[in-house]
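All remarks here apply to the structure that follows.
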Amino acid sequence: MTNIMSHAGMHPVITGKEALNAFGTFLNDNKDKYSRIFVLCDENTIGKCFPVIQHFFAEAVHKIVIPAGERNKNIHSCVRVWEHMHQSGGDRNSLLINLGGGMITDLGGFAAATYLRGIKYLNIPTSLLGMVDASTGGKTGIDLGSYKNTIGTFTFPEIVFIDPLFLDTLPYRYLKDGIAEMLKHGLISSANLWTTLASEIKSNSATEISSLLKEKIILLLDESIRIKATVTSIDPFEKGIRKILNFGHTIGHAIETYSLRHNTDPLSHGEAVAAGMICETFLSGKLSGLSAMEQEEITSAISSFYPWCKMPEDSFHDILQLTRFDKKAENGKNHFTLLNKIGEAVTDRDCSSGLILESLSFYNNVYSLSPHS
Ligand code: GLY
C-alpha cells in the first residue's frame, strides 16, 4: 500500500491491494465526524462494486444510484443526488463517497462541492480511467449538453482510495480508456513510462487485452497516479504546469463531443483522447520541435492499439469549431499543450485553424495507410 501524496498537502491518495482496508480504517477513525454518509453509485457499480465495500459500514448507509454513462453526466443526475441527500437529512457534516468511474467521481464531486455550499467527499475509483486521472486532483464537473465538463469546480476530495481489485472485471474497452491517460502521462512526463507501456500495447491487438498486459498495467499504476498527483498538487488550479495534462485533450474533447452528438455508439473518452494525441503529435512536429522519429514512434504505437475513429472530411469544420469551446481557449484562441520530446511537454502554444484541419487529415492517413485498417 502506498500513500502517494501525504507530503504534498492537497489530498492523500492511498493505492494498492490494501487500499480498501485503509478505507475501512478511515471510516472507523472518523465515525463521529460525519452526521450522515452517502454512497453514490451508478447502475453498474451498485451491483458490482458496492458489495465489495458494504461490510466496512457499521450502520446502514444511504445509497444513491444514478444512470451510468457519459450521457448522464448532466444536471438531471446531479439534481437526483442533491434531492436524495436533502430528503435524507443531509446536512453540512455529511460525507459523500463516490464509488465508480470518472463519470461518478466528476459528478459526485460537483454535487458535493455545491450541496449546502459544500460538503466533504471522497473517491473510490473503480475504472482505470478513474484511477489514473479523474479521481485525483479536485476537478469536479458535469457536461452542458454535449459540451464536456463545462460546469464545474476545483474542490478537493478528503482522500482517494485506489484498489486495483476493481480492474479484475473491467471490460477491455474501459481498460483501454485508462491506458490512453497512462500513455499521456508517459508522453508528457516520463519517457520510461511511455517506452514500457508502448512496447506492451504493441504486442496486443486492438480488440483484446491479454491478462499479461493487465498485470503490467497494475504494476505501472502507481507511477501514472504519482505523475497526476504531483502535477496537480504543484498547480491545483491549473495556472501553469497542470496544463501539461491537457496533451491530446483539446482535439480529443472536440472529437468526443462530435461523436456524442452524431454516433449512436459514441467514442469513449480514451478512444477520443487517443485520436487527439495522434493529431497533437502531428502539431508537435510542426510547432514544438518533436522529431520525426518520435512522431512515428507515438503514432504507430497508438494506432496499433486504438481503433480508427473514422472522421469524414465534412466533419472537420465542426470539430475545428468545437476546439474553440475548449475550457482552455481564450478569446476564441486555443492554447495547445504539445510535446518537444517524449517525456517533456510545453504549454500555451497557439495553433492556426489550417494546421488543426491538417492534423485531422494526418490522423485519417495514419489509419488508411496502416496494415491494420
Ligand atoms: N484531467 C486533467 C486534469 O485533471 O487536470
Side-chain angles (χ1 to χ4, degrees), residues 4-5 8-13 15 70 73 98 100-110 112-113 121-123 125 127-143 147-157 160 162 174 177-190 193 221 223-257 267-277 280 323 325-330 334-339 345-348:
I4 287 188
M5 273 183 68
M10 291 314 300
H11 62 78
V13 182
T15 68
E70 183 67 27
K73 200 173 98 176
N98 298 317
M103 180 269 190
I104 284 290
T105 57
D106 280 6
L107 185 143
F110 179 70
Y121 76 96
L122 66 82
N123 291 332
S127 69
L128 184 60
L129 181 71
M131 292 179 189
V132 297
D133 187 20
S135 65
T136 304
K139 276 189 181 173
T140 79
I142 53 175
D143 299 342
Y147 294 105
K148 299 270 307 160
N149 302 327
T150 303
I151 311 297
T153 67
F154 286 100
T155 309
F156 302 93
V160 180
I162 301 180
Y174 296 107
D177 251 3
I179 293 172
E181 296 292 347
M182 294 175 79
L183 289 166
K184 179 197 78 180
H185 288 157
L187 288 173
I188 59 171
S189 174
S190 164
L193 175 61
L221 256 187
E223 188 178 354
S224 187
I225 296 165
R226 198 180 296 278
I227 290 169
K228 168 83 199 245
T230 305
V231 169
T232 56
S233 67
I234 296 169
D235 177 24
F237 300 107
E238 204 172 36
K239 300 287 182 215
I241 191 178
R242 184 168 183 160
K243 294 180 192 171
I244 66 171
L245 296 169
N246 297 325
F247 176 66
H249 282 63
T250 302
I251 296 183
H253 271 157
I255 293 174
E256 189 178 1
T257 302
L267 296 176
S268 67
H269 179 68
E271 286 161 354
V273 166
M277 287 196 289
E280 294 180 21
T323 65
F325 288 100
D326 186 68
K327 289 178 293 307
K328 282 79 64 189
E330 281 167 27
N334 294 115
H335 295 290
F336 279 84
T337 293
L338 300 176
L339 304 174
V346 283
T347 60
D348 296 315

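Just follow the structure's listing: the first ligand is 1, and inside any ligand the first atom is 1. Please read all numbers here as calculations on a predicted model, not as lab measurements. What's counted below: heavy atoms across the whole structure, side chains too, no hydrogens, waters or symmetry copies.
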For Ala180 and Gly270, work out which heavy atoms get closest and say how close.
->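 Looking at all heavy atoms of both residues, the shortest contact is CB-O, 3.6 Å.
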Measure the acute angle between the ring planes of Phe237 and Phe154, then classify it against the limits of 30° and 60° as parallel, tilted or perpendicular.
->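 Ring orientation of Phe237 relative to Phe154: perpendicular.
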List the steps, then state whether salt bridge (Lys or Arg N to Asp or Glu O under 4.0 Å) holds for Glu181 with Lys228.
-> CA-CA 10 Å; Glu181 296 292 347; Lys228 168 83 199 245; over 6 Å; no
Residues that Ser189 engages under side-chain contact (heavy atoms from CB on, under 4.5 Å), provided they are two or more places apart =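 Counting only residues at least two positions away or on another chain, Ser189 forms a side-chain contact (heavy atoms from CB on, under 4.5 Å) with Ile227.
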Of all residues at least two apart in sequence or in a different chain, which pass the side-chain contact (heavy atoms from CB on, under 4.5 Å) check with Ser268?
->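 side-chain contact (heavy atoms from CB on, under 4.5 Å) check on Ser268 returns Arg173, Asp177, Glu271.
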Residues forming a salt bridge (Lys or Arg N to Asp or Glu O under 4.0 Å) with Asp348, sequence neighbours excluded |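 Scan of Asp348 (salt bridge (Lys or Arg N to Asp or Glu O under 4.0 Å), adjacent residues dropped) gives Lys243.
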Those protein residues which place at least one heavy atom below 4.0 Å from ligand 1 =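 Within the 4.0 Å shell of ligand 1, which is judged on heavy atoms, sit Asp133, Lys139, Lys228, Arg242, Leu245.
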